[in-house]
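Worksheet: the structure to be examined is printed underneath.
Throughout, a chain's letter reflects where its sequence line sits, starting with A, and its residues are numbered from 1.
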Number of protein chains: 2
Amino acid sequence: MALIVQKFGGTSVATIERMRRIAQRVCRTKKEGNDIVVVLSAMAGETDRLISLAKEASDMPDAREYDVLVSTGEQVSVALLSMILKDMGVEARSFISHQMGLFTDSSHTRARIMKVETGKIKGALSNGAVVVAAGFQGISSDMDITTLGRGGSDTTAVALATALGADLCEIYTDVEGVYTTDPNICPDARKLKKISYDEMLEMASLGSKVLQTRSVELAKKYSIPVMVRSTFSENNGTLVTKEGKDMESVMVSGVTYDRNEAKISLTRVPDRPGIASRLFGPLAEANINVDMIIQNISHEGYTDMTFTISKEDFKKALDMVEESARDIGAEDVLADTDIAKISVVGTGMRSHSGVASKMFDALAKEGINVIMISTSEIKISCIIDSKYTELAVRVLHEAFELNKENGGTVKEP
Amino acid sequence: MALIVQKFGGTSVATIERMRRIAQRVCRTKKEGNDIVVVLSAMAGETDRLISLAKEASDMPDAREYDVLVSTGEQVSVALLSMILKDMGVEARSFISHQMGLFTDSSHTRARIMKVETGKIKGALSNGAVVVAAGFQGISSDMDITTLGRGGSDTTAVALATALGADLCEIYTDVEGVYTTDPNICPDARKLKKISYDEMLEMASLGSKVLQTRSVELAKKYSIPVMVRSTFSENNGTLVTKEGKDMESVMVSGVTYDRNEAKISLTRVPDRPGIASRLFGPLAEANINVDMIIQNISHEGYTDMTFTISKEDFKKALDMVEESARDIGAEDVLADTDIAKISVVGTGMRSHSGVASKMFDALAKEGINVIMISTSEIKISCIIDSKYTELAVRVLHEAFELNKENGGTVKEP
């Protein structure tokens, strides 16, 4: 007998009919002798409906009241699924904000979890009930409803799994698992059986939005195994877990892409100490996240600087950079939004050196120019012209033989 | 400076635009120097939407989960109005189930209020905030959400007014107040300035659904003055209050009608002790409310019995009565759903005897046959053929001169 947390996303609870299918799955897992905590998102479309009401009410909706409003979405889901389960003869009990014991700080709309008091949930489980918990929401120490940020239901699931010492946290979604790359671009993309937390973090933050980054960090911290799988099939999904010995032999697990970045360059920047901080300080204060930064070596006291930011922040950032450029005496500011970031991710890279050169080779063979490069321990990213995105993904997927079960390796040169 | 509770119904918060109008009214009352507790219903249509989801999920939705579900309607309203008020520069704070201190028993979907702990609300008021409380919902001692039954927001408003010692409880609705009769039937129906709690109770339970009966009972018990008025105009409404000396001179305050009853008769019932209990016992057990009962005097050991019930219960009741009729040896069971109950209501009736005869005279003059009669201290009701409903209302309204400011009196015979 195990304790399993099962989280279902918005498309999985979009209709009562779909909820019935979930309920059958929960029933089955229950009848196999497991204790179950179900975590639900709002019905697909419901959160958007509530947000548009908030926007109609106020240009800058009060954060406390925003949380009171949007948290109703998950409350509706848990009530309905509990009804359905009880109708099927399974004892079930919904838990919402003030009942779940998921205490957060008071940062409304993006609250951080402080502690989870599991007494009430454990009580319900030991009475044989399926616990149906509202995702995304918590409660502050003064009993105000808080929310964890968009996609926060994944985090709720992992946090409850952690606090309850669950054996497994299953994240049910509308994809079959984590793939070697986007199957829409590369038809022979392969579903991974396993992936390490670190790889998943790189994949998620690079745009493979299967799991919320924060939930993966939490799972990693407490070593909670997370299974990503499909609500709509019986197939096994992808297990996100601790790095195992077997993973090291695979150098590259996946190829990801992100078309949501823009590039800003400053030319002929006087190369003096403090220039970088005068440029990036204001951006940081404005909460604009800078991703890649490249500074060329200095020529006659001048240098060029290039960096990327998300497209959402582009206009604001460009205005700020143009002002900074005048201050620091840069010659010109150039901008480009037609770029894409292509990355290969893999734990095995740590101990193998051939990955980068293989990546550049493969791109060069197709005449794809690499504009910027950045590397981390388990990831190499290149900025390229966005029109080559699909081509680059396919080329790299093939170069690393990711379609093969034993692919992703590089022969030592 | 006064403490005022203002309750707004579903049509008053049906859209963000209407909420803005409410917010302006609240602002104004606040700026006049008053402390304000606003109580809101769900946006019009929202509760029905949630109920239909529940019905889709289960034929008999679990009561606890039903309350979790439907209480989201009011939660959405209070969050949105609080946002709007804050946008207008008025400090406001929403209060929902677990924050309001409105403790109930655990009878889900029809919970009774046990106590109201006003500490948190008083704290917010003394900080100068407008309190925006979710109507219809409370919390049980084990912190489960409960609801007070349909229309329960009126009761929430009166309960909070009572617990807070409010000076006035205003119920904003889509009518201008309480009328001498239905203006749709009788164009010269007059809005009453004042009405006693008892009269309001008779009017409400007879079908003038302006205020939930339970809220009037509560207001009467604690002598909370309740003003019924329109959200959509600045006119004064009707004050529901303690019976004053001035009210006694008015014998009849209003004429009401109810087409929602059905009549069942048993003929040639053997007139033995215990017959009535054998007939009505099963109905009571099935929660079927019997309104009027008439038993004719006995002839040769046999009698006729007639009673009325609400149309919703008609089919079920008829089946039960037919069975009972066989048991007790009645000759036949007759049923009629084409009936209406016409009533005149007035505190002054207590001390005047001419009301009944004037009522029967007026009906007789128009050839309207009275099928059954029942009387209480402040009310006389007649069952008539439903096709005469409008005619009877107009005839009685005119007979008692209710269109006149000083109408409703009867000259002593």
Practice problem: Drop me the distance from B:L53's CG to A:L80's CG, to the nearest 0.5 angstrom. | Solution: 5.5 Å

Quiz item: Checking heavy atoms, do the side chain of A:A23, its backbone, both or neither come under 4.5 Å from chain B?
Solution: neither

Quiz item: Checking B:L50 against chain A: side chain, backbone, both or neither under 4.5 Å from a heavy atom?
Solution: side chain

Self-check item: Toward chain A, the part of B:M143 with a non-hydrogen atom under 4.5 Å
Solution: both

Practice problem: For B:S58 and A:D87, work out which heavy atoms get closest and say how close. | Solution: OG-OD1, 2.9 Å

Quiz item: Hey, are A:D144 and B:R93 close enough for a salt bridge, meaning a charged N less than 4.0 Å from a carboxylate O?
Solution: yes

Quiz item: When only pairs under 4.5 Å are counted, which of A:E17, A:K86, A:K120 shares the most heavy-atom pairs with chain B?
Solution: A:K86

Practice problem: Tell me, yes or no, whether the heavy-atom count around A:D59 atom CG, taken from other residues, nucleotides or ligands under 6.0 Å, exceeds 12. | Solution: no

Self-check item: Exercise: do B:R64 and A:S94 side chains pair donor with acceptor under 3.5 Å
Solution: yes

Practice problem: Mind checking the CD-OG1 spacing from A:E74 to B:T72? Nearest 0.5 Å is all I need. | Solution: 11.5 Å

Practice problem: Heavy atoms only: give me the nearest A:M83-B:A57 pair and the separation to one decimal. | Solution: SD-CB, 4.3 Å

Quiz prompt | Closest non-hydrogen atom pair between A:Q99 and B:I145, with its separation | solution = NE2-N, 4.3 Å

Quiz item: If you count heavy-atom pairs under 4.5 Å between each of B:I16, B:V70, B:D67, B:I96 and chain A, which one has the most?
Solution: B:I16

Practice problem: Mind checking the CG-CD spacing from A:L85 to B:E65? Nearest 0.5 Å is all I need. | Solution: 9.5 Å

Exercise. Step through the shown structure and confirm whether more than 12 heavy atoms of other residues, nucleotides or ligands are within 6.0 Å of CZ on A:R110.
Key: no

Quiz item: Say you draw a straight line from CG of B:L69 to OG of A:S82; how long is it, rounded to the nearest 0.5 Å?
Solution: 10.5 Å

Quiz item: Between atom OG of B:S97 and atom CD of A:Q75, what is the distance when rounded to the nearest 0.5 Å?
Solution: 7.0 Å

Practice problem: Select one option (side chain, backbone, both, neither) describing which atoms of B:M43 are under 4.5 Å from chain A's heavy atoms. | Solution: side chain

Exercise. For the pair B:R18 and A:E56, evaluate salt bridge (charged side-chain N to carboxylate O under 4.0 Å, His left out) and give the outcome as yes or no after the intermediate values.
Key: CA-CA 12 Å; B:R18 288 193 180 172; A:E56 200 188 336; over 6 Å; no

Self-check item: A:R112 atom CZ, over 12 foreign heavy atoms within 6.0 Å
Solution: no

